[in-house]
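Okay, structure first, notes after.
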Amino acid sequence: MTFTLFILAGLAEIGGGYMVWLWLREGHPIWYGIIGSLILVLYGIIPTFQSFPTFGRVYAAYGGVFIILSVLWGWGIDKKTPDLYDWLGALICLAGVSVMLWGPRG
């Protein structure tokens, strides 16, 4: 469930932001901005379903996941092929997320 929520929130954040980008930067109709904004509200709600107890840790981990999803989004949607450093950065972020969420504590 953790993984699914991370992916859903990431897609909502990136997809909603992308729709607002298309509206403001590329001249798409205003309904792109409205729908994108509503999707961004969902992005704010989805992480509350995570079982981790602290807001800061969950959102910090989401940051790493968003970086990975953004690289994949750019590749699939914007047709910008990631280079070695994009993939290396994404792997480093994934390692950081893993340490933050599942590192031994207490």
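Atoms considered below: every heavy atom in the structure, side chains included; atoms not considered: hydrogens, waters and symmetry mates.
Scanning all heavy atoms of the two residues, the minimum distance from Y59 to G44 falls at OH-O, 3.8 Å. Here the shortest heavy-atom pairing between W73 and G15 reads CH2-CA, 3.7 Å. Heavy-atom minimum distance, I39 versus A12: CG2-O, 3.2 Å. M100 and A61 get closest at one heavy-atom pair: CE-N, 4.2 Å. Listed here is the closest heavy atom pair of G64 and C93: O-CB, 3.9 Å. Summarising the geometry of I14 relative to L69, their closest heavy-atom pair is CD1-CB, 3.5 Å, with the distance given to 0.1 Å.
Taken to the nearest 0.5 Å, the CD1 atom of I92 stands 10.5 Å off from the CD1 atom of I67. Between D83 atom CG and L88 atom CG the span is 10.0 Å, to the nearest 0.5 Å. Interatomic distance, L42 CG to E13 CD, rounded to the nearest 0.5 Å: 12.5 Å. Here L40 contributes atom CG and I35 contributes atom CD1; the two are 12.0 Å apart, rounded to the nearest 0.5 Å. Separating the CG atom in L24 from the CE atom in M19 is a distance of 12.0 Å, to the nearest 0.5 Å.
P47 is not listed as a side-chain neighbour of L5, based on a closest heavy-atom distance of 4.5 Å or more. Residues I68 and F6 fail the side-chain proximity criterion, which asks for heavy atoms closer than 4.5 Å. Side-chain contact between Y32 and V20 is absent, with no heavy atoms from C-beta onward closer than 4.5 Å. Counting heavy atoms from C-beta outward, R57 and Q50 have side chains that stay 4.5 Å or more apart. Residues W102 and T2 meet the side-chain proximity criterion, which asks for heavy atoms closer than 4.5 Å.
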Test side-chain contact (heavy atoms from CB on, under 4.5 Å) on D78 and Y18 and set out the steps.
-> CA-CA 10 Å; D78 286 336; Y18 186 67; 3.4 Å; yes

Stepwise side-chain contact (heavy atoms from CB on, under 4.5 Å) check, K80 with W75 = CA-CA 5 Å; K80 302 293 181 198; W75 189 15; over 6 Å; no

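With hydrophobic clusters built from ILVMFWY side chains whose heavy atoms lie under 4.5 angstrom apart, V97 does not share a cluster with L91. Residues L94 and Y85 do not share a hydrophobic cluster, defined by chaining ILVMFWY side chains whose heavy atoms lie under 4.5 Å apart. By the rule that hydrophobic residues join a cluster once side-chain heavy atoms approach within less than 4.5 Å of another member, L72 and L84 end up as members of separate clusters. V99 and V65 sit in two unconnected hydrophobic clusters of ILVMFWY residues. Membership requires side-chain heavy atoms under 4.5 Å apart, directly or through other members.
Not a single ring-ring contact (aromatic ring centres under 6.0 Å, His included) links W23 to another residue, sequence neighbours left out.
Proximity of the aromatic rings of F66 and Y43 is defined here by a centroid distance below 6.0 angstrom, and this criterion is met.
Counting non-hydrogen atoms of neighbouring residues, nucleotides and ligands closer than 6.0 angstrom, the CH2 atom of W87 exceeds 12 such neighbours.
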